[in-house]
Structures are given as C-alpha cells and as structure tokens.
Amino acid sequence: MPIDVTGCGNTLDTSSPAASRLVLDSLRYWANDLQIDGFRFDLAATLGRGRDAVFSPDDPLLAAIRDDPALAGVKLVAEPWDVGLGGWQTGNFPAGWSEWNDRFRNRARDFWLRDVADARSGGVAANGLGSFASKLSGSSNIYAHDRGPLAGVNFITAHDGFTLADLVSYDHKHNLRNGEDNRDGTDDNRSFNHGAEGPTDNPWILDARRRASRNLLATLFLSAGIPMLTAGDEIGRTQRGNNNGYCSDDEISWVDWQLDDEKVALLADAKALIRHRRENPALRPTRFGATGRITLSATDMSWFGSDGEPMAHDGWNDPHRRTLQYLAASTPEVEAFNRVLVVVHGTESAITVTLPEHQGVSAYEVLWTSGDAFDPTPRKPGDRYDVLGPTVTLWRVS
C-alpha cells in the first residue's frame, strides 16, 4: 500500500496476492497448529483496503478469511477502524465478522458519567434515551438486520485507555510518567471523577464511584450483543489515571490479585451479572427484536417510561427523561422462552417507578440491582417502588 494507514508503520498492501497469501497462511497456522480459537484484528480496516487504499466491505481478503474452510468456526473480531482516510468503518464489515462497537462504549460512558457530571453542574444531557436504548438492544442502527446483534462486540474499556476503576475516578489522564509531557493517550475519555481527582477517603464519592462501576458493568452484560470485559475491571484494577499504560512494565499495567473487601464485592457483582446473562436467553438474542409484541420469529422488545406506560415517540429525544424500562423476550426457535425486565435510572435524583403491565406478565422478581439492598418479594404489574440515584435493576418476569 502506498500510504501508512495504521499510524504505527508496517502497513501491508493486502491487495497484493503475496501479502494476502501471507495473511491467510499465518491465520491457518495459528488456528490449526497452535489451536487458537479466534482472532481480534487490530486496525482491521487496513485489511479491507484495495490497491487504491479505499476500504470496501466486499474486499476479497475479508471474504477469503471468513470463507476459508481451514478457518471454519474460528471467531473473527475486527477493530473496525484505522487512521487512514475513511478509516472509521464500524458497522461496515461483511457478515461473518464481529466488530468492536465503539458507539456502545461512548454512549454508555456518556449516559452514566458525563451526563451525570453535567447534571451536577446544572447542565442537561446532550442525548435522549433513544440512542442509549438502541445500544442496550443490540445497535440495530449500526449493524445490518441480517447480521443481527452478534455482529457487535460491546465494551466499556479496552486494553488502551482508562480502566473501569479509573473511568469513575479521574476527569483527566495522568500520563506524565510516560515521558511525553502528558501528550500521549486520548483526551476523549468521557470519564467522571465524582468529586475528587484520584484516590479519596470521602465516603459519598466512593459510594457514587461504586454505583457507577456497577451500572457500567450492568449495561455491558445486560445488553444484546457480545460483551467484552477488560482483564482486571472485575476487581477494580487501576492504572492511577494513566490511560496509555502499555509502555509501563510495572505495577501500572500489572493486575494486582490482592483483593480487599471492595474488590471482592465488585467481583461478586460481575460474576452475578455473567450468571444472569447465561441463565436468561432474553439478554442474548441472536436477532434484532420486534417491538411491542410476542413473536415466534424474533425477540420481543417493549419499552416503558418510569410511569409504566409505553414510551411515547417524543419521549425518546427528551433530554430530561432519564428512566427507561426494557422488557425483552428470548428467541423461542433458538432457546427456551424467557423474559426479563431491565430498569435503568440515569440521574442522582430519586424517582418512583411503576412496573409495567404487559401481555402475559403476572409478576416481577428482582434478580440483581446496582442500588441499595432490595426486597426480593415478587411484585405485580402496576406496583410502584422508589429508586434512589443512578441504578440498573434486573427483574425476572413471569
């Protein structure tokens, strides 16, 4: 390729038969000789650029990797961008590929962190519930309908950038030790320190950080799509505000397995969310949903406001509305019929939520909440309960 589109050199011209063959031979070796289950392709848009350096979802190499019999069953995950012209290609890879969903990451961070920070300073959320709901239900606005929600790999953090613990503890990157005068690493972190930059003993700030961490984890594991958890986030790993720690082969980038009570509690919540995702097929549909009805050919999705009434059209874009109830059902031809209700409240103000009435629903039972301890007694449609602060609650539906 005549130009560098990776930003780190060594850009292969994969339109060349020799380079294309090198890629395929390498993948076959790793998959078959070394028994690798799948690949995450860094800067994968580069692989889809032809001789003119323009990306195409129909690029022969992308199809060849997907269709190679020697790679059958191997997972193919694209980081769907590079730094070249037209490099951002989220949603544009062909069927058979999954893609990192950076829009999911950005919207989740905005909803739980930046919007809450703006509200504290008297501002109003930049986006309504609609864009958040689309990410919660699999990002059908990004991925073609025939690809389904499994085309998207949802994530809150990755190997570069802030860890989960630092995302809720720092407003700014702290990379001075890297020797580049804090110029390295992204400035677009969408983080919120909740009142103090870095470590603090303030119990109110620590409590807000705990809840924000759990809300972000819940959004990841209760959303349709493929969840990706960065190693150490489940135990609150910190890089002390460094969002470009790859160059630090020391405690900044290591995982500390000495767990205090807070880390043990966070780990327990992460395990619980993973277990509920596994036990409730409604949380992992294989196709996009049909809104507002039960069907044997697709997942059912019904949306309600805090009052238990169906979401009105104008409610989706109202920045003052921050409470959403999402009733989802599984895809019956794939797994046993199952329904759950996910209730999201995105402000630090208290609110009373009315559980929705819906066809065939007789009771709701709390499975998990990021909020305070909750009465596990089953409740009926139309029952009301109070939510104090930003919270995600998962209900079993019967």
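Excluded from the calculations below are hydrogen atoms, water molecules and symmetry mates; all remaining heavy atoms, backbone and side chain alike, are included. The chain is numbered in sequence order, starting from 1.
- Interatomic distance, Glu279 CD to Arg284 CZ, rounded to the nearest 0.5 Å: 9.5 Å.
- Remark: Arg40 engages Asp42 in a salt bridge, criterion side-chain N to carboxylate O under 4.0 Å.
- Under the 4.5 Å side-chain criterion, counting only non-hydrogen atoms from C-beta, Arg287 is not in contact with Arg147.
- Side-chain atoms of Leu229 and Leu217, non-hydrogen and from C-beta on, do get closer than 4.5 Å to each other.
- Using a 3.5 Å distance cut-off with no hydrogens or angles, the side chains of Asp13 and Ser15 do pair a donor with an acceptor.
- Side-chain contact, Asn243 with Asp166: no donor N or O sits under 3.5 Å from an acceptor N or O.
- Two residues are said to be in side-chain contact when any heavy atoms from C-beta on lie closer than 4.5 Å; Ile156 and Phe104 meet this criterion.
- Of the candidates Leu34, Leu24, Ile36, Tyr29 forms a side-chain contact (heavy atoms from CB on, under 4.5 Å) with just one, namely Leu34.
- At least one side-chain heavy atom of Arg379 sits less than 4.5 Å from a side-chain heavy atom of Trp395.
- Across Gln325 and Leu341, no two heavy atoms sit closer than the pair OE1-CD2, 3.7 Å.
- Under the 3.5 Å distance criterion, with hydrogens and angles disregarded, no donor-acceptor pair is assigned to the side chains of His345 and Thr391.
- In this structure, the side chain of Ser223 engages the main chain of Thr219 through a donor-acceptor pair within 3.5 Å.
- A donor-acceptor pair under 3.5 Å is absent between the side-chain atoms of Asp372 and the main chain of Leu388, judged by distance alone.
- In this structure, the side chain of Asn32 engages the main chain of Ala70 through a donor-acceptor pair within 3.5 Å.
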Exercise. After noting the C-alpha distance and the side-chain angles of Ser139 and Asn101, does the key distance pass the side chain to side chain donor-acceptor pair (under 3.5 Å) rule?
Worked result: CA-CA 9 Å; Ser139 300; Asn101 188 349; 2.9 Å; yes
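- Checking Asp233 against Thr157 by side-chain atom types alone, a donor-acceptor pair falls below 3.5 Å.
- Taking both residues in full, the closest heavy atoms of Arg321 and Leu129 are given as O-CG, 3.3 Å, listed atom of the first, atom of the second, then distance.
- Using a cutoff of 4.0 Å between basic side-chain nitrogens and carboxylate oxygens, Asp59 and Arg49 are not scored as salt-bridged.
- Judged by distance alone, the side chains of Arg107 and Ser131 do bring a donor and an acceptor atom under 3.5 Å apart.
- For the residue pair Asn215 and Ser213, no side-chain donor N or O sits within less than 3.5 Å of a side-chain acceptor on the partner.
- In this structure, the side chain of Ser330 engages the main chain of Asn338 through a donor-acceptor pair within 3.5 Å.
- Considering only heavy atoms from C-beta on, Leu76 comes within 4.5 Å of Arg66 through its side chain.
- The distance from atom CG of Leu273 to atom CZ of Arg214, rounded to the nearest 0.5 Å, is 9.5 Å.
- Counted within 6.0 Å of NZ on Lys75, heavy atoms from surrounding residues, nucleotides or ligands total 12 or fewer; the atom is thus considered open.
- Distance check, rounded to the nearest 0.5 Å: OH of Tyr364 to CG of Leu367 gives 13.0 Å.
- Using a distance-only test at 3.5 Å, with no hydrogens or angles considered, a donor-acceptor pair links the side chain of Asn242 to the main chain of Gly245.
- Hydrophobic clustering (ILVMFWY, side-chain heavy atoms < 4.5 Å, transitive): Val116 and Ile205 are in distinct clusters.
- Taking NE2 of His276 as the start and NZ of Lys271 as the end, the distance is 13.5 Å to the nearest 0.5 Å.
- Looking at Ser248, its side chain never comes within 3.5 Å of a backbone N or O of Ser253 through a donor-acceptor pair.
- For the residue pair Asp184 and Asn244, a side-chain donor N or O sits within less than 3.5 Å of a side-chain acceptor on the partner.
- Leu259 forms part of a hydrophobic cluster together with Ile235, Val255, Trp257, Val264, Leu267, judged by ILVMFWY side-chain heavy-atom separations under 4.5 Å.
- A side-chain donor from one of Trp88 and Thr90 sits under 3.5 Å from a side-chain acceptor of the other.
- With Glu79 contributing its side chain and Ala44 its backbone, the two residues share no donor-acceptor pair below 3.5 Å.
- Annotation for Ser98 and Leu150: closest pair OG-O, 3.0 Å, computed over non-hydrogen atoms.
- For the 3.5 Å distance criterion, the side chains of Gln239 and His174 fail to qualify, holding no donor opposite an acceptor.
- For the residue pair Ser306/Thr323, the side-chain donor-acceptor check at 3.5 Å is not satisfied.
- Listed for the Arg114 side chain is a donor-acceptor partner under 3.5 Å among the backbone atoms of Ser191.
- Between Trp100 and His159, the ring planes are tilted. Angles from 30° to 60° get that label.
- Inter-residue side-chain proximity for Leu167 and Thr163 is flagged as unmet; no heavy-atom pair is nearer than 4.5 Å.
- Ring-centre distance between Tyr143 and Phe93: not below the 6.0 Å cut-off.
- A donor-acceptor contact closer than 3.5 angstrom is absent between the side chains of Asp102 and Trp81.
- Side-chain contact between Arg322 and Phe111 is present, with at least one heavy-atom pair separated by less than 4.5 Å.
- Using cut-offs of 30° and 60° on the angle between ring planes, the pair Trp97 and Phe41 is tilted.
- To the nearest 0.5 Å, atoms OG (Ser134) and CG (Leu136) are separated by 9.0 Å.
- Here the closest heavy-atom approach between residue Thr46 and residue Asp82 is recorded as OG1-OD2, 3.0 Å.
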For this session: Dump the intermediate steps for salt bridge (charged side-chain N to carboxylate O under 4.0 Å, His left out) on Arg177 and Asp250, then the final yes or no.
Result: CA-CA 12 Å; Arg177 64 171 288 156; Asp250 55 26; 2.4 Å; yes
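- The two residues Gly185 and Lys173 come nearest to each other via the heavy atoms O-NZ, 2.8 Å.
- Residues Asp256 and Glu251 have side chains not in contact (no heavy-atom distance under 4.5 Å, counting atoms from C-beta outward).
- The distance between the ring centers of Trp112 and Phe192 does not fall below 6.0 angstrom.
- Salt-bridge formation is not detected for the pair Asp110/Lys135: no Lys NZ or Arg NE/NH1/NH2 atom is positioned less than 4.0 Å from an Asp or Glu carboxylate oxygen.
- Ala218 approaches Trp368 most closely through the heavy-atom pair CB-CZ3, 3.6 Å.
- Under a 3.5 Å cut-off, the side chain of Ser56 and the backbone N or O of Asp58 do form a donor-acceptor pair.
- Taking the ring centroids of Tyr326 and Trp303, they lie under the 6.0 Å cut-off.
- Separation of atoms CG (Leu394) and CZ (Arg277) is listed at 11.5 Å; rounding is to 0.5 Å.
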Exercise. Checking side chain to side chain contact (heavy atoms under 4.5 Å, CB included) for the pair Arg120/His194: CA distance, chi angles, key distance, verdict?
Worked result: CA-CA 10 Å; Arg120 281 196 187 183; His194 292 87; 4.2 Å; yes
For this session: For the pair Arg28 and Asp25, evaluate salt bridge (charged side-chain N to carboxylate O under 4.0 Å, His left out) and give the outcome as yes or no after the intermediate values.
Result: CA-CA 5 Å; Arg28 293 173 188 138; Asp25 287 347; 2.8 Å; yes
